[in-house]
Each structure stands twice: as C-alpha cells, then as structure tokens.
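First comes the structure, then the notes that go with it.
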Amino acid sequence: MMEKMIFGRYVPAHSVIHRMDPRSKLLMIFLFVCIVFIANNSWTYGLLVIYTFAMIALSKVPFRFIISGLKPVLWLILFTLVLHLFLTKEGELLFQVGWFSIYEEGLRQGIFISVRFFLLILMTSILTLTTTPIEITDGMESLLHPLNKIKFPVHELALMMSISLRFIPTLMQETDKIMKAQTARGVEFSSGPIKERVKAIIPLLIPLFVNSFKRAEELATAMEARGYRGGEGRTKYRQLSWGLKDTTLLIFLVILSVLLVLFRT
Amino acid sequence: MDISLQEVEYRYQANTPFERLAIKDVSIDIPSGIFLAIIGHTGSGKSTVLQHLNALLKPTTGKVMIGDREVNAEKKQKNLKAIRQRVGIVFQFPEHQLFDETVEKDICFGPMNFGVHEEEAKKRARIAIKQVGLSEEILSKSPFELSGGQMRRVAIAGVLAMEPDVIVLDEPTAGLDPRGRREIMDMFHSLHLERKLSTVLVTHSMEDASKYADQIVIMQNGQVYKKGTPNEIFSSPEGLLELGLDVPEVVRFQQKVEEKFQTKFSQTCLTVEKLTEEIASMVKRGEQE
Ligand SMILES: Nc1ncnc2c1ncn2[C@@H]1O[C@H](COP(=O)(O)OP(=O)(O)OP(=O)(O)O)[C@@H](O)[C@H]1O
Ligand SMILES: [Mg+2]
C-alpha cells in the first residue's frame, strides 16, 4: 500500500552520481535551489530542464520509477498551476467562458512555477535516491563543521537527521503492516465515504505513535548501553573523499549559473 | 467456505527497482473445515501466502478463489469487506494493532466494523476474552498497560470476536511462554473442532504442526516444496532435514529407538501415546521370543 513512495529511499546502482562525494551533491543541491530562482524566461528554464535531465540520466535511476514515485507531488504541482491560472489576471486575455478567464501572464507564471517546483523535487530526489542516508548526514556534518565554533550543535543535528532518515523506511513498513491488520478487521482505507476514511486514520495513527515512542526509548537505551556519549572526540569509520568528478560537477553548475544570468531578461 | 490458491505468484513492489518475487506457482486447497499447517524457513513466503487468503494482497499472476469469488490481478474488486468478515487473520505480532482506549472497545472494533450491534459486540468480547484465557476485569483496562503476552491474547480475542468462518494464524504463539503456547493452541484446536472453523496455521513448531494439522504444506524459497498429511510428511523426514527443518521430537526419538534395536515400527508415531504403545508391543514381542 505504501510501496510506491520514494522519499528517502536509496536505489543502489553504479553511476558517477552514486560514487560522488556527498558533500559535492549537497552543495550542488544548495546551489541549484538558489539558481533556480534566477531563471525567468523560456531559455533559462530550458537550460535548467536540460541540466536536471542530464543529471537523471547520469544517475541511472529509471525515470519511470522517479515519476511514479512523485505522483502525489504531481497533484500539488497541478494545484499550483490551476491556482495561478485562476488568480493572476495580467497580460493579454487568452480565453474566457463566463466568469472563467485565463490571462497570458497567469499561464506563463503558472507553467514556470510548476516547472521550478518540479525541477527542485527532481533534483532533491536524485540526491536521496543516489546517496545513502548515512552519507548524507556525514556530508552534512562535515559541511556544517565550521559552525561548531559558534557552539552550534552540529553533531547532534547530524545524529538527529540520520536517525530520522534511518527510520523512514521502518515507519513505512510499519504503516503498511498496521494498515493491513486494520483492513483485516474491517477498516476501509481506500474506499467508502470520506468521513469514514478520515475516521479510519485513528486506528492507524495510534499504534504507529505508540510503537515509535517505544522504539525511540529502546534506541536511546541501546545507544547508552553501547557507550554513546555525544560527538566529542568521536572518530569516523567512513572517510569522505573529494575527487576530480566532484570538482567537475560543481564547475558545470557554476557555468550553468553564469549562463542563466546571461540569458535572463 | 472453501479457499484455493491457483498458481499464484506475488511480487512485492512490482515495476520498481525494488521488485521482489516473494512466491511463485503456489497452489494450495483449503477446503471448508480443514486444519492446515504451513511450515518453512523464515523468508520462504508464508506470510505472503496468508495475505492472499482475505484479499489483502492480489496475486500478480494466477488466481485465488475465496468461496465463490475470484480474486486476480485484472479484476477491480468491490466489497472486499464481506470476505474479510469471513476470513479472520491473526498477524505475526498482532499486539501492534491495538489502539482503542479500553480492551473491550478494541475487541469490539472488528465486529462493529462489520455491522454488529454494540450490545452483541460486547457480549462477544466477554466470550472471546475468556476463550483466550484472560479474566473479564481486563476488559476495562487500557490495552497499553498490559504485558506483551496479554496484549497478544487481546489481539487474538479481537479477531475471534469477528466470528469468522476461516481463521488464519501467523505464528500466533511466537514469544509466549510454553504453557501459554499450549493453552492458546489448544483453544484454537477446540474452536476448530466445535465450530468447524477452517484453520490455517503458520508455525515454526513441528510439534504443533504434527499434533493439530490435517494437512501440512512445506514452503521453500517461495514455492510449495511438499504437501501431505502429517504422517506422510514426517514418515520420510530426510527431505525435511535436508531443508534444515526439524522433525517432531517424538519422530526423532522413534528413529533413534529403531536404530538402536535394528527394527522398524509399522508406522511413524506422531504422539507420545502412540509411540509408547509401539515400544510396549515391541518389548512384549521380545519377551515372548
Ligand atoms: N513488504 C515487503 N516488501 C518487499 N519484500 C517483502 C515484503 N514483505 C516480504 N517481502 C519478501 O518476501 C519474501 C517472503 O516474505 P514472507 O514475509 O512471506 O516470509 P515468511 O515465510 O512469512 O517469513 P517469516 O517466517 O520470517 O515470517 C521475503 O524474501 C521477504 O524479504
Ligand atoms: Mg511471516
């Protein structure tokens, strides 16, 4: 029932993107999120689309799989598009039936913003699909390391993140299991009137919460029992290594940013 | 109600990179009133098979007949609730499904979902809680303040209160103490006899399989490896041992006795009583000679 979700899931494969240093991927996402906002016409959006699809191709994750996993978000995107069509009333009038009218600017902005949204989600999916949660947190911790100087709890943050990422699949599995158990007891999650379906959430959420709290407690005990005492003086088993491909990737991204600035209107 | 799986194959997460073939070419008949045990290694597909019995999973190929309804990959199913009322499943670690304020409400949850009135549901809850060996006082407690074993029993009571025609048990006694195991299993067995319930039991205990089952199915790597009566299955234990599965202690004991005395009993004994008789008659024969 929850099988199609792809958030926070790692797809093992042998691709350049998989082998890259998590730090370069994180930096790339960060930069990408910034430069997406530079684009403001078809040329610049075109460049972004090409770049994104090139990254997907390099990552060797089947495109069909990414799309099928993004279905819930596609609805959200469609919703933004419709909202823009309805609410932006600038530019030339393109189409009118009774009270319903579409303006040029609304269409333009709606499409651009949907594309922007879509690209952002695609890029972040590439990150999570090609990088194990552990790598992501290691990269994060290493990038944020300088903040330690101002007493920012970098290690704790990284730990929190790795634990949450680690337990997303577990939570999904558990949701699936409890849904099945309650379905067997006559709950209908995917059919019947809306009111009933909303009510059906309670027998799902309560066991889920109870189990999560129990698990958190057990995890804390287990960590303490193994002598965990925070980040101070802790060494790393996995060493990150920055390579030529990481530099290359970032250079490409810089070139992209320059092009975007040049072509924007 | 008869249930039959016909050449069922199931893939988890079909059409994704995580696709995984869990069972294939599985055909099992579960005629009304039978006690069927399914045994096999961990990961051999037992739980996957069980979830087909009330249409929680739809086969990716093949079909499942539940009563006169056919469940297959193509057909869009309507009103599966009717099936689920008649086929009750006790899942592996069912205590994770408890959620309501009181034990009583939780047990009534299933029946009331299927349209049973509150009064009737409460009556059933009182009966069910006794069947699983707990006292009525527990009904007013919160399910979360119970011990693991008590939670397990409450969860089982919740399924019993649905009064299904077919009861499906996925290792219902795993993690209980030995006496609790025997009590629960004896309870299921007597229900099976009294109410003519079809019972499907997944178990790792060869003792339980040989003691209660009319038919045994052995699963291996997602396929049916062997089917037969307990006698047929355990009288040639070589195959089982090859798979790394155990045989009941009684059977092992018989083998040892036969080896030691260079003899062969007329049959494979599955109970201590039978074996005692065989040995006694052997001893008597020995004295006469
Ligand atoms: N939700 C799921 N997603 C993906 N694969 C699964 C899922 N559930 C089970 N599997 C896989 O299907 C196979 C059969 O699993 P199943 O749970 O049916 O085994 P089992 O015989 O019940 O094992 P056990 O004795 O441990 O309960 C296993 O290889 C398992 O990894
Ligand atoms: Mg199982």
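Just so you know, these numbers use all the heavy atoms, side chains as well, and skip hydrogens, waters and symmetry mates. Residue numbering restarts at 1 for every chain, and letters A, B, ... go by the order of the sequence lines. Since the model is a prediction, treat every value here as computed from it, not as a measurement.
Note that OH of A/Tyr10 is 10.0 Å distant from CZ of B/Phe18, once rounded to the nearest 0.5 Å. Interatomic distance, B/Glu19 CD to A/Phe65 CZ, rounded to the nearest 0.5 Å: 11.5 Å.
The shortest distance between side-chain heavy atoms of B/Phe109 and A/Gln182 falls below 4.5 Å. A heavy-atom distance below 4.5 Å is not found between the side chains of B/Phe91 and A/Lys177.
For residues 214-226 of chain A, the side-chain hydrogen bond (donor to acceptor under 3.5 Å, both in side chains) pairs, not counting sequence neighbours, are A/Glu174-A/Arg215.
Only the side chain of A/Val210 comes within contact range of chain B, judged by heavy atoms closer than 4.5 Å.
Among B/Met112, B/Gln51, B/Lys81, the residue with the largest count of heavy-atom pairs under 4.5 Å with chain A is B/Lys81. For the set B/Val159, B/Asp106, B/Val168, the count of heavy-atom pairs under 4.5 angstrom toward chain A peaks at B/Asp106.
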Trace of the side chain to side chain contact (heavy atoms under 4.5 Å, CB included) decision for A/Lys180 with B/Ile89 = CA-CA 10 Å; A/Lys180 277 180 179 159; B/Ile89 296 197; over 6 Å; no

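For A/Phe63, the CZ atom counts as densely surrounded, since its 6.0 Å shell holds more than 12 non-hydrogen atoms of other residues, nucleotides or ligands. Atom NZ of B/Lys75 sits in a crowded spot, with more than 12 heavy atoms from other residues, nucleotides or ligands closer than 6.0 Å.
At a heavy-atom separation below 4.5 angstrom, chain A is approached by B/His96, B/Gln97, B/Leu98, B/Phe99 within residues 93-104 of chain B.
Closest heavy-atom contact between A/Arg185 and B/Asn113: O-ND2, 3.0 Å.
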